[in-house]
Each structure stands twice: as C-alpha cells, then as structure tokens.
Amino acid sequence: MSFQPIKFYQTGTFTVGNRLLAPEERSVQASAKRFNSINSGHRACQGCGEALGARYAIDAAMEATQGRLIAANATGCLEVFSTPYPETSWQIPWIHSLFGNTAAVASGIAAAQKVKMKKGERRNIRVVAQGGDGGTTDIGFGCLSGMFERNDDVLYICYDNGGYMNTGVQRSSATPPAARTSTTPAAGAEPGNVFGQGKYLPAIALAHEIPYVATATVADLRDLEAKVRRAMEIRGARYIHILVPCPLGWGTAASDTVRMARLAKETGVFPVFEAEYGEIKSVLAIRHRLPVEDYLKPQKRYAHLFGKTPRIDVIARLQALADRNIRKYGLLGKEAN
Amino acid sequence: MDKPFAITLDPGSSLANKTGSWRTFKPVYLDRLPPCNATCPAGENIQGWLFHAESGDYEAAWRSLTENNPLPAIMGRVCYHPCEGACNRQHVDTAVGINSIERFLGDEAIRRGWAFPKPAVKTGKRVLVVGAGPSGLSAAYHLARLGHAVEVQEAGPYAGGMMRFGIPKYRLPREVIEAEVGRILDLGVVLRLNCKVSSIEQAMKEGQFDAAFLAVGAHIGKRAYIPAGTAAKMVDAVSVLRSMEGEEPPMLGRRVVVYGGGNTAIDVARTVKRMGAEPVIVYRRTRDKAPAHDFEIEEALQEGVMVKWLSTIKQAEEGEITIEKMALDEKGFPQPTGEFETLAADSVVLALGQDVDLGLLDGVPGLEVKDGTVQVGPNMMTGHPGIFAGGDMVPSERTVTVAVGHGKKAARHIDAWLRGTAYVPPPKPEIAGIEKLNTWYYSEAPHVVRPTLDILRRQSSFEEVVQGLDETNALFEARRCLSCGNCFECDNCYGVCPDNAVIKLGPGKRFEFNYDYCKGCGICATECPCGAIKMVAEGN
Amino acid sequence: MLKQIEGSRAVAEAVALCRPEVICAYPISPQTHIVEALGEMVKDGALQDCEYLNVESEFAAMSVAIGASAAGARSYTATASQGLLFMAEAVFNAAGLGLPIVMTVANRAIGAPINIWNDHSDSLSMRDCGWLQLFAENNQEALDLHILAFRLAEELSLPIMVCMDGFILTHAYERVDMPTQAQVDAYLPPYEPRQVLDPAEPVSIGAMVGPEAFMEVRYLAHAKQMEALKLIPQYAAEFRKVFGRDSGGLLHTYRTEDADTVIVAMGSVLGTIKDTVDELRAAGQRIGVLGITCFRPFPIAAVAAALKQCKRFVVLEKSLAVGLGGILAVNVRMAVTGMGLKGYTVIAGLGGRAITQKSLHALFLKAATDELDLVTFLDLDWRVVNRQIEREKAHRRTGPVAEALLRDVGVVGVRNY
C-alpha cells in the first residue's frame with residue numbers, strides 16, 4: 001500500500017501538508033525543516049519537473065535515512081543545472097561521473113559502504129543513483145541492468161521527461177509515440193516518434209525481479225514519498241521511475257508542470273504502481289478518468305495531432321495505449337476491476 | 001577535506017546564484033472573497049469561523065461568527081443559507097453544510113453558556129431600537145458592543161418579532177430565541193415589552209435618544225378579495241401563527257385550506273397539521289414556481305400536507321370553497337381555465353404576504369414611504385436625520401438573515417453618525433469563484449445530512465424536525481470547507497516550488513515568496529487549491 | 001618468501017597484501033587469472049573486508065571502482081586490450097576526478113583484427129588519459145609495482161595503471177619473492193582519501209566546469225602528475241629499505257656507462273634485449289639499455305640524463321602510431337631535443353610476434369653503424385605485405401586484409417579462388 005489515507009480533513013490527502021494534520025502525518029515536503037537536498041539557485045528552467053521530482057525524492061530518502069545518504073548522478077539536465085562550477089545546489093554528498101555509468105558508480109559506493117560498515121569505520125549509509133530517461137533507459141541501461149542483476153544495495157531513481165532535453169530535446173527510448181522531438185520531427189506520413197518502439201523500463205526492472213520497483217509522478221507527492229520511504233526500508237536493488245514533465249521539451253506552460261503529470265496519470269498514459277520481487281503490489285487508481293486528448297492538447301509536442309485536420313487516428317492509437325495501461329494495471333481501482 | 005579545484009564544490013553554494021532575476025511574472029499571495037461570505041445577507045465571515053471550527057475550537061468559531069451575527073442558534077435553524085447555494089464545494093461533491101455547523105456552534109454556545117464580552121468603553125449616546133425582531137436585536141447587539149446605551153421597545157409580549165410570530169416552534173424552539181436574546185440583554189441592552197411606539201419622534205424625545213433604529217417588521221397579513229359567504233371562516237396566516245404563541249390556539253376546524261405558496265403558507269399548513277387538522281394548500285402556480293423553499297414543501301408533503309397546485313379560490317362558503325383550475329401560459333403566468341372544483345373547508349387561511357404598520361412614522365418630516373416600505377439610503381438612514389430603519393420595513397428581501405444584516409449595517413452607520421463621521425465599508429476583494437480553485441486537492445467527502453425527526457412525531461408534535469449535528473459530524477462538516485480564496489496553510493506552494501522559493505513562516509503566519517530565487521514559473525499559483533496566489537507581471 | 005608461481009597469481013597475492021576494499025572483475029584475456037585468484041581469496045576468506053563485484057562490462061568495472069574510490073574505499077580492477085578501450089570514458093573520468101584507483105593492464109593488442117596476444121597498444125592508447133602508467137619488466141617487478149602503485153596513487157590522488165605484458169608475464173611461472181603482510185603494511189599506510197563522499201561533510205564531486213576554469217583544471221592535473229617524477233624515486237628508495245630490493249623507479253639503465261648506442265624499451269622485452277646486449281658487449285660493441293618503468297608521467301629529464309653520453313638511441317617498442325611510427329619513440333625524442341643524437345624507431349612484437357635474440361642481434365649491429373631506417377618494422381614479412389599491396393593496386397575490392405594475409409601465409413585457404 002503506497003497510499004497514505006488520511007480521512008476527513010479539509011482537503012483530504014492530496015495537498016503537500018495541512019495544518020490540521022498531526023506532524024507525523026504530513027509530507028516531508030511540508031516540513032519547514034525539510035532538507036532541501038537540492039537548494040535554491042539551481043539553473044533549471046522555470047517550472048522544471050525534474051528539479052521538483054529530485055527534491056521530492058531525495059528529501060524523502062534523506063528523511064528515511066536520517067541524512068545518511070550519498071547520491072550518484074548521471075550526466076543530464078539535473079547534473080548540469082545543479083552543479084555548474086563554482087556553485088552546487090546539492091546539500092548532500094553527491095558525485096557525477098558519466099552519462100552511462102551512474103548505476104555502476106552507485107554500486108561502487110554501496111560496496112564501499114558495505115566494507116566500511118564491516119570494518120566498523122562508518123555507520124550505515126545508503127546510496128541512491130539518479131538520472132534522466134536518456135541516462136537510464138538508453139546509455140545507462142547496461143550498468144543499470146547489471147546493478148539490478150547483482151542486487152546491489154542501490155535505489156536508482158529515473159526522472160523521466162521523455163527525451164534528451166539537456167541537448168535540445170532529442171528522442172530517447174522513453175519518448176512516447178507521436179511526440180515531436182528534434183530527431184523525430186512532426187513531418188511526413190507518421191509525424192513525431194514512431195509507434196511500437198521504445199522501452200518501458202519499469203517493466204524491464206520488474207523482469208529483473210529486484211526487491212522493489214515503483215512508478216510515481218510529481219503530481220502525487222504523498223505517493224512518491226511513501227514509495228521512497230518503502231524503498232529505503234528494503235536492502236538490495238530498487239528502482240523508482242518518476243514522471244517529471246519538461247515545459248521546454250513538451251511545450252507546456254511552466255506553471256502546468258504538476259498538472260501535466262496529473263493528467264498523465266488520470267488519462268492512464270502513465271500507470272502509477274509499485275511492485276516487489278517482480279509482482280505488482282498496488283496501483284494508484286485514477287480518480288477522475290479523462291480522455292488522452294486532455295493530456296495531449298496542452299503539449300506543443302503533440303500540436304501536429306490537433307492541426308487543421310486533426311489526426312483522430314493517431315489520437316485513437318494513443319487512447320488505445322492508455323486504455324491498455326488501464327486494463328493491464330487495473331488503474332480504475334478495485335470497484336472497476 | 002582537500003578539495004580538488006573546480007571539480008569538487010562546497011554544498012549548497014548555488015545560493016550565490018540569484019535566479020529571481022529570470023522572472024517576468026511574479027506570484028503574490030492575496031485574499032479573495034469566498035462566495036459564501038459574499039452571499040451572506042448577514043455579512044458573516046463564514047470561512048473565518050469555519051477556520052476555527054476545523055481545528056475543533058468551537059468557542060473561537062462562535063466568537064468569530066458572533067462578530068457579525070449574534071443569533072447563530074436561530075440562524076442555524078431558520079436561515080435559508082444562500083451561502084450553501086454559492087459554496088464552491090458543490091462543484092466537487094456537495095456544498096458544505098454551513099447552516100448546520102452554525103447551528104451546532106449556536107447550540108454549543110447555549111449549552112456551555114458562552115457570553116459576549118462587555119463593551120470596553122461607554123460612548124454616552126442613547127439609541128432607541130423599535131422592534132425586538134431579528135433586525136432590531138442585531139442592531140441592539142452591535143450598538144451595545146460599540147458602547148452605546150440601547151433600549152429596545154417592543155410592541156408585543158415577547159422578544160423575537162417575526163421569528164416568534166412567523167416561524168413555528170417545530171422549526172425554531174422558543175427556548176433558543178430566549179437564550180440568544182437573553183445573551184444580548186446581558187450586554188446591558190434594555191428591553192421593554194408590550195411597549196408599542198406610536199410616534200417615533202415622541203418616543204425619542206421622551207427617552208432622550210440620540211438616534212433610533214426602526215425595525216417593526218411586517219405583521220399585517222395581506223388580504224385578497226374573495227367572494228365569501230357570511231359564515232365562511234377566513235383568517236390570515238400571521239394571526240394564526242401569532243395565536244400559536246398565546247394561550248389559546250386558533251379554532252380552525254378539521255379541514256383547513258391555506259391559500260398561498262410561500263414559506264408562510266407552508267408554515268401554517270404544517271402547524272395546523274400538528275394540531276390534528278387536515279391542511280390543503282391552494283396555490284395558483286406550480287411547485288417549481290412557488291416562492292417557498294423546496295425543502296420545506298418536501299417536508300410538508302412528507303408530513304401529509306395536501307397541495308392543490310394551479311388553483312385559485314373563487315368562492316368561499318361555510319364548509320366549502322370553490323377553486324378554479326389554472327394553466328400556465330407561455331410566459332409562465334397562471335391563466336384561468338374555467339374548470340371548477342369544490343373543496344371541503346372549515347376555514348381558509350390567507351398566506352398572501354404581509355404589510356408593515358408604519359403608523360409610528362406619522363408626521364415625521366423628511367420620510368419617504370413607497371409601496372408600504374420606508375425608503376432608506378445606503379447607510380440605512382431614512383430621510384430624517386438620526387432615524388434609521390431596516391428589516392421588513394425597508395425595501396428588501398424579507399428574511400431573518402437579511403434583517404440581521406440590516407441591523408449590523410445600521411448599527412455601524414448609526415455609530416458613525418453619532419460620532420459625526422461616516423462609515424466606509426472596506427473594499428470587497430474579488431470573489432474566489434470555482435475557476436480560481438484547483439479542486440484536485442480536495443478529496444471527495446459528501447456533506448453530512450442532518451437527522452430529521454420521525455415522521456409520526458412530526459405529524460403530531462411541535463418537536464424540532466431537523467436535528468443538530470453532533471461534534472464529530474460538525475467537525476467533519478467544517479473540515480469540508482475549501483477555504484476559497486484564502487490561504488489555509490496546506491503547504492502546497494511550499495511543496496511544489498521547484499526552486500524552494502517559498503518560505504514557510506510557521507503556523508498561522510502563512511508563507512512568503514523568496515523573490516531572490518523565485519523564477520516566476522507559476523506552479524504555486526496553478527496548484528494553490530484555494531486560489532490564494534496570483535501571478536502579476538513584473539515591472540521594469 | 002620465495003615462490004615459484006604464475007605472474008598473475010603473484011600480482012593477485014600482492015594486490016591482496018595491499019588490503020583492497022573493493023575489487024571489480026570482468027573477464028578478458030590475459031588478465032583473467034589475476035581477478036580469478038582474487039575472487040578465490042575473497043570467497044575463501046583469505047582476503048577479508050573486501051567486496052568483490054562481478055560486473056557486466058569493463059565500463060562498469062571502472063565505474064564501480066570510481067564510486068568505491070570516491071566513497072573512500074581502496075579500489076582495484078584489471079583489464080586489457082578491448083576492455084581498456086571499452087572503459088575508456090570512465091578511465092579518463094577516474095583521472096579527472098582524481099581517484100586513486102589501481103588497475104592492472106595485462107597488455108594486449110587491439111583489434112581488428114582481434115588478437116589476444118601481447119603488445120602495448122592498449123595502455124599506450126590511453127597515454128593522455130591522466131593515469132600514471134608503470135611498466136613491469138618481470139613478474140617480481142609486476143608484483144612490487146602494485147604495492148608501490150597503491151601508495152603513490154593515494155598520495156597523489158591519481159589513478160595508476162600497472163602494465164605487464166600479457167601472457168609473457170601474466171602466464172609465466174617464475175620465482176618471485178613475495179613480501180609479508182607486515183612488510184606491505186609497513187610500506188603502505190591505510191587509505192586516507194583526499195576527498196570522500198561522506199554525509200558528515202557533504203561535497204559535490206564532478207562539477208561541470210566551463211571555459212573559465214577548464215584550462216586551469218587541466219594544468220593542475222598535469223602538474224600533479226609531474227609531482228610523481230619526484231615521488232617515484234623517493235618511494236623506490238623506501239621500497240628498497242622495507243623490501244630489500246630495487247623495484248620501481250622512473251627508469252633503469254643497463255651497461256650504458258660508455259655506450260655509443262642505447263636501446264630504449266619497456267616491459268618484458270628488456271630481458272631479451274639485455275641478453276642480446278650482453279652478447280654484443282662480449283663482442284666489443286659499446287651498447288647499453290634504457291628500460292623505462294614510468295611511461296606516464298614521462299621522465300623527460302631522467303631519460304635525457306640517461307642518454308647524455310651516447311651517440312644514438314634505438315627505441316624498440318611494441319606499439320605503433322599508425323601514420324607516424326612509434327609512440328614511445330616520440331616521447332623519447334622529445335626528451336633528447338637539442339642533444340644532437342641519432343634516433344631510430346623499431347616497431348616490434350605487435351600482436352605477440354616473437355622478438356628473438358637473433359633478430360635483435362642483427363638489428364643492433366645495423367643500428368651501431370647507422371644503417372637503420374628511421375622507422376623499422378622488425379621481422380616484417382615483406383613478401384606477404386608486398387603481395388597485398390600489389391593486389392590492392394590491381395583491384396579496389398580485395399576483401400578483408402587480415403584474411404587475405406592469412407591465406408598468403410597458408411594459415412587459411414584450402415579454398416581456391
């Protein structure tokens with residue numbers, strides 16, 4: 001159960017905090033003493049979902065480990081905007097090595113901790129690795145799979161914004177079908193990214209049968225925090241895939257970042273679930289089911305679907321994918337299944 | 001640590017990079033006017049008192065409520081709660097049961113004996129209030145709290161005015177009126193019963209009053225011309241209801257026809273039903289056109305009150321009446337059909353509206369009377385300086401809540417007038433409509449339905465039909481408030497800012513933007529559940 | 001303690017004596033025996049407090065080492081050839097981050113054509129990656145250099161490759177003097193990282209550095225590596241004190257006192273060269289040898305000093321700068337700039353081609369009379385090469401060169417065309 005039900009309060013469970021809740025029932029982000037693991041002054045674009053997702057996740061991990069955390073970071077937006085010399089936004093021990101080796105670097109850190117613990121030289125310190133979808137599903141995939149397979153004590157967090165945004169919005173294997181990127185232009189008979197390709201890494205992670213796999217979005221903070229907390233209770237390889245909308249790459253308003261993540265979840269485009277040892281344990285149900293158009297339309301990367309002659313056929317294919325997710329993961333909740 | 005140059009950096013050093021310089025729009029906190037507050041005729045700060053109720057501090061909630069309205073236990077029973085009609089929560093699930101919480105607070109105050117604070121200073125001014133109805137009581141209360149000496153002169157034998165003479169016991173138990181009036185009198189307000197003011201000028205002179213507030217109410221039942229035999233029994237509704245307060249209940253017989261479609265018609269019908277009669281309401285239009293509140297019609301029907309819709313009384317004789325069937329024309333007006341029907345009737349009660357007895361104003365210079373009501377300015381003052389008026393006797397909707405609102409408003413203006421100044425109400429902020437809210441953050445929680453009395457007891461007794469909420473229910477209900485337009489410290493802005501540019505100031509102190517780092521993305525404004533943040537363009 | 005063991009085993013035991021904390025292993029010939037032996041030691045408890053990770057690639061191996069080292073653990077791995085190239089990005093990164101990882105490179109040729117045998121193409125291809133490179137002449141030196149390498153790496157906070165010739169050393173059984181744990185402990189203090197990932201003192205390692213500081217960062221990397229030129233002789237002297245033998249150092253000279261001709265080389269071939277030189281000395285030739293142990297940083301001053309007395313030098317190297325000639329030779333030439341020496345480059349032993357005493361004998365005699373070409377390919381089969389060149393002149397499409405050559409030498413080619 002990833003969701004934390006808090007009943008009968010003014011605003012239910014969905015706000016970040018709530019003055020009516022007991023402090024222990026509030027989210028980590030609601031605390032005035034939260035770590036702000038990634039501090040102000042970073043150079044992320046306005047409304048960056050990744051900056052937000054990273055603070056949510058790492059703060060939650062810091063809370064869960066009482067501040068005994070080390071992070072390894074892949075090359076990408078998150079790395080570039082957080083650590084341009086002479087300033088870093090990180091307030092935790094953090095290392096950036098390369099684009100494709102983050103999981104392995106984290107394995108190394110974890111191995112070091114294990115030895116140091118055994119020798120009694122250091123207290124228990126946990127390790128997270130983090131990267132974007134390019135650094136995770138493409139170039140870093142080998143190291144990630146190796147880390148999973150060895151079941152190294154690492155929580156790997158992928159911040160998925162569906163493309164190589166740092167280099168100017170190119171396609172990654174996590175770019176959704178029909179989306180326009182600078183390498184899948186909106187031209188030709190099948191504009192945008194192709195259907196039937198790409199990788200859904202959460203499912204690949206599941207196939208490794210590692211102790212914990214979860215997906216989350218920046219629109220469901222409490223769910224995200226609960227998953228990070230759960231992940232930190234477990235030893236071994238863990239994977240959390242967080243959808244982080246990118247105003248630049250998606251062509252959305254900076255103010256709509258959280259809203260877009262919410263729409264991705266409510267349309268079934270992005271299933272939110274958690275699994276242990278290859279078995280799905282729970283899903284975050286859709287509260288108000290919406291058609292995919294509601295999600296697609298605000299995004300300029302899908303503008304070609306809504307031109308003078310709308311591509312009803314393509315929208316229908318995307319709707320079919322969302323419907324399949326809803327069916328496959330049972331996203332309409334218990335009543336509907 | 002011996003850090004390699006440039007490759008290894010000190011933690012959190014990005015604070016040197018003030019990203020606020022990127023901003024073209026900036027978020028600002030604001031307080032918008034919640035629709036409930038905007039709609040309340042009594043000018044209650046509903047959201048304000050709900051805020052306290054949400055944390056279970058009922059006394060603070062009651063004190064906040066009574067800043068504007070001294071009669072919550074009464075209001076919680078008889079107000080037609082336009083606030084709930086405006087409540088944004090209806091777009092999420094169902095409106096917040098504001099009225100039921102108000103009643104809970106009112107009852108709680110009576111139960112616990114909470115009293116109003118005595119005025120700190122006395123102004124030495126004397127104000128005469130004519131009429132101890134809701135408007136007069138409200139004015140008296142506010143004037144007293146402002147430090148004035150107030151005397152209420154009431155023509156009738158009880159305080160309460162139309163609340164007592166126009167609203168049946170099963171809706172408003174009399175001990176509730178007594179309790180809330182008593183609390184106002186505890187402020188030092190003098191109440192003189194059976195003291196009919198026949199000339200306001202004289203009364204003011206005699207009592208050396210510096211100002212007067214007139215709120216005599218509309219106690220005279222309107223008559224309609226109905227051809228009637230000499231033996232036909234015809235009475236007006238106000239008389240019937242008033243007589244319920246006396247020792248002798250009215251003698252109306254078994255078959256009582258109530259003529260009219262307003263709330264008073266329903267009240268009379270339900271009252272006589274409780275006295276063992278078989279009431280039939282005759283109304284010329286349809287149910288949905290009737291001025292009575294639908295829930296009251298529904299309750300009346302549940303209790304066995306019969307209604308003849310689309311009917312007018314053509315003739316009344318001893319023991320029976322003739323009614324004509326009506327049909328609505330395309331404009332929705334009832335037109336006669338020429339189709340008649342007779343109906344057994346021991347008596348006919350006319351519930352066709354009420355008039356005000358304006359006799360006390362005779363000879364007062366400067367007054368303007370139009371359509372049976374006194375004309376007042378925006379400050380509630382009549383054309384005669386120092387004489388103010390409100391409630392049913394001025395042109396307005398005639399409800400208890402409106403009357404209470406008049407009393408408060410008049411009190412403020414009287415106070416200013418006595419001080420030689422003018423009361424300028426603060427500018428009203430923009431209304432927090434549903435489009436300003438992000439309702440995603442409110443979980444579904446339908447409102448609590450107030451328990452109602454068993455139907456058999458409703459038909460035969462004057463026990464209160466609608467019961468109150470218990471504390472758990474009231475708390476739940478209070479917490480359903482969306483806090484439209486006003487920060488309730490949900491921490492959303494603090495949480496969703498990708499730049500940590502929101503400073504949390506601590507409980508009750510809300511938040512502040514850190515414009516050094518705020519990039520102006522606007523997520524905080526989009527994700528603010530209650531619409532308490534807006535984006536404004538940056539200046540040069 | 002004297003032991004008659006395989007070179008790989010000797011290195012593994014020496015590494016174990018250095019108390020490594022994280023070892024990452026990925027198989028590639030000819031280094032496999034080293035990590036196999038270490039894996040066995042960890043598994044059977046002979047090597048305690050050490051995490052041994054079987055990773056999925058050399059890229060991961062180096063990356064794990066980076067993470068482990070940055071977290072303060074003494075980290076070790078080994079590779080060769082394609083493996084070194086596959087981890088190249090991480091190799092540069094480890095140096096850039098200043099992490100004192102020690103890695104054995106069991107030197108091997110680089111394909112295509114794929115070839116598992118020894119030459120120095122692999123580590124020399126990484127000459128500018130920022131790692132120190134130490135070349136072992138024999139198995140005793142190979143194991144000694146690892147002990148020295150850990151100390152030097154951690155002192156400088158720079159990674160070091162200990163290069164030993166694949167198969168020739170790694171698979172050769174020789175007598176070695178294996179030091180005791182007490183000796184190694186006396187020589188090698190526990191690892192005290194210069195920078196470490198630690199919640200007690202959080203830092204961000206691996207910042208993005210722009211044009212405003214990148215040159216300085218690179219200069220500092222260079223300056224730091226140059227410091228090793230001072231430290232290595234000092235550590236070699238201390239090594240002698242603790243272990244009672246000479247090992248390490250920047251370079252070794254052999255019979256160069258009055259030599260007119262000096263043969264310069266790295267690695268195991270020095271043994272054959274010294275034997276040949278002994279023969280020639282016996283025949284009255286004034287010839288000597290300069291063995292380079294420290295290829296990076298390149299000991300320019302020491303090389304210049306060693307060649308000061310001679311008239312000519314011959315750089316014999318197991319590597320080829322395609323389109324230029326030698327790699328080591330270019331480095332040596334830079335060292336003797338302005339000294340007026342004749343210099344010759346000899347490319348030898350590529351892909352495991354045997355370097356025989358006979359061939360060297362003839363070569364050195366030619367050199368002594370300045371009859372050598374500027375660049376010579378030792379024992380090249382000109383018949384085969386020329387036939388292919390002819391073929392290519394005749395037809396543009398000649399098919400894969402390697403297969404064509406093998407047909408010519410009769411290894412492949414039962415089929416007629």
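All chains are named by letter (A, B, ...) in the order of the sequence lines, taking the proteins before the strands, and each is independently numbered beginning at 1.
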**Q** So for A:I70, is it side chain, backbone, both, or neither that comes closer than 4.5 Å to the heavy atoms of chain C?
**A**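 It is the side chain, since no backbone atom gets that close.
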**Q** Checking C:C50 against chain A: side chain, backbone, both or neither under 4.5 Å from a heavy atom?
**A**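 When you check distances to chain A, only backbone atoms of C:C50 fall under 4.5 Å.
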**Q** Is the CD atom of C:E192 crowded by more than 12 outside heavy atoms at less than 6.0 Å?
**A**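 Not buried by this count: 12 neighbours or fewer within 6.0 Å.
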**Q** Heavy-atom distance under 4.5 Å to chain C: side chain of A:L69, backbone, both or neither?
**A**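 Only the backbone of A:L69 comes within 4.5 Å of chain C.
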**Q** Consider only side-chain N and O atoms of A:Y159 and A:Q130, and report whether a donor and an acceptor are under 3.5 Å apart.
**A**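 Yes - a donor-acceptor pair under 3.5 Å links their side chains.
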**Q** Under the 3.5 angstrom rule, does the side chain of C:S157 hit a backbone N or O of C:E154 as a donor-acceptor pair?
**A**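 Pair absent, no side-chain N/O of C:S157 close to backbone of C:E154.
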**Q** Please look at A:A106 and chain C and tell me whether the side chain, the backbone, both or neither of the residue comes under 4.5 angstrom of a heavy atom of that chain.
**A**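 Nothing of A:A106, per the 4.5 Å heavy-atom cut-off to chain C.
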**Q** Of the backbone (N, CA, C, O) and the side chain (C-beta and beyond), which part of A:N73 lies under 4.5 Å from a heavy atom of chain C, both, or neither?
**A**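 No part of it gets close to chain C.
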**Q** Highest number of heavy-atom pairs under 4.5 Å with chain C: which of A:R68, A:K114, A:Q113?
**A**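 The option with the most such pairs is A:K114.
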**Q** Kindly give the heavy-atom pair with the smallest separation between A:M62 and A:S37, and that separation in Å.
**A**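 Of all heavy-atom pairs spanning A:M62 and A:S37, the closest is CG-OG, 3.5 Å.
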**Q** Looking at A:S107, A:A112, A:S97, which makes the most heavy-atom pairs under 4.5 Å with chain C?
**A**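 Among A:S107, A:A112, A:S97, the one with the most close pairs to chain C is A:S97.
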**Q** Counting C-beta onward and ignoring hydrogens, is there a side-chain heavy-atom pair between A:I240 and A:Y212 closer than 4.5 Å?
**A**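 Of all side-chain heavy-atom pairs linking A:Y212 with A:I240, at least one is under 4.5 Å.
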**Q** In terms of side-chain heavy atoms, does C:Q133 have a donor or acceptor partner in C:R127 at a distance below 3.5 Å?
**A**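 There is no such pair (donor and acceptor under 3.5 Å, judged by atom type) between the side chains of C:Q133 and C:R127.
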**Q** Can you tell me which portion of C:A65 sits under 4.5 Å from chain A's heavy atoms? Options are side chain, backbone, both or neither.
**A**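 Neither; nothing under 4.5 Å.
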**Q** Does the side-chain contact (heavy atoms from CB on, under 4.5 Å) test come out yes or no for A:V228 and A:Y56, once each step is laid out?
**A** CA-CA 9 Å; A:V228 172; A:Y56 281 1; over 6 Å; no
**Q** Under a 4.5 Å cutoff for heavy-atom pairs, which residue among C:S204, C:A71, C:A73, C:A60 has the most contacts with chain A?
**A**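 Between C:S204, C:A71, C:A73, C:A60, the count favours C:S204.
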**Q** Among A:K119, A:E149, A:R122, A:K118, who wins on heavy-atom pairs under 4.5 Å with chain C?
**A**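 Looking at each option in turn, the highest pair count goes to A:K119.
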**Q** Can you check side-chain contact (heavy atoms from CB on, under 4.5 Å) on A:R55 and A:R34, steps first, answer last?
**A** CA-CA 10 Å; A:R55 198 190 68 227; A:R34 74 183 185 208; 3.6 Å; yes
**Q** Assess the side chains of C:H33 and C:T170: does a donor N or O sit below 3.5 Å from an acceptor N or O?
**A**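 Result is no, nothing qualifies.
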**Q** Where on C:V55 is there a heavy atom nearer than 4.5 Å to chain A: the side chain, the backbone, both, or neither?
**A**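 Backbone plus side chain of C:V55, per the 4.5 Å heavy-atom cut-off to chain A.
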**Q** When heavy-atom pairs shorter than 4.5 Å are enumerated against chain A, which of C:L197, C:V209, C:V203 gives the highest number?
**A**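 With the most close heavy-atom pairs to chain A, the winner is C:L197.
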**Q** If I measure from the heavy atoms of chain C, does A:E87 come under 4.5 Å with its side chain, its backbone, both, or neither?
**A**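 For A:E87, there is no contact with chain C at all, as no heavy atom is under 4.5 Å.
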**Q** With a 4.5 angstrom heavy-atom cut-off, could you sort out which part of A:R123 is near chain C: side chain, backbone, both or neither?
**A**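 Contact with chain C is absent: no heavy atom of A:R123 under 4.5 Å.
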**Q** Establish, from distance only, whether the side-chain atoms of A:T83 and A:H96 form a donor-acceptor pair under 3.5 Å.
**A**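 No, because no side-chain N or O of A:T83 sits under 3.5 Å from a partner of the opposite role on A:H96.
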**Q** In terms of heavy-atom proximity below 4.5 Å to chain A, should C:E212 be classed as side chain, backbone, both, or neither?
**A**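 For C:E212, the contact with chain A is made by the side chain alone.
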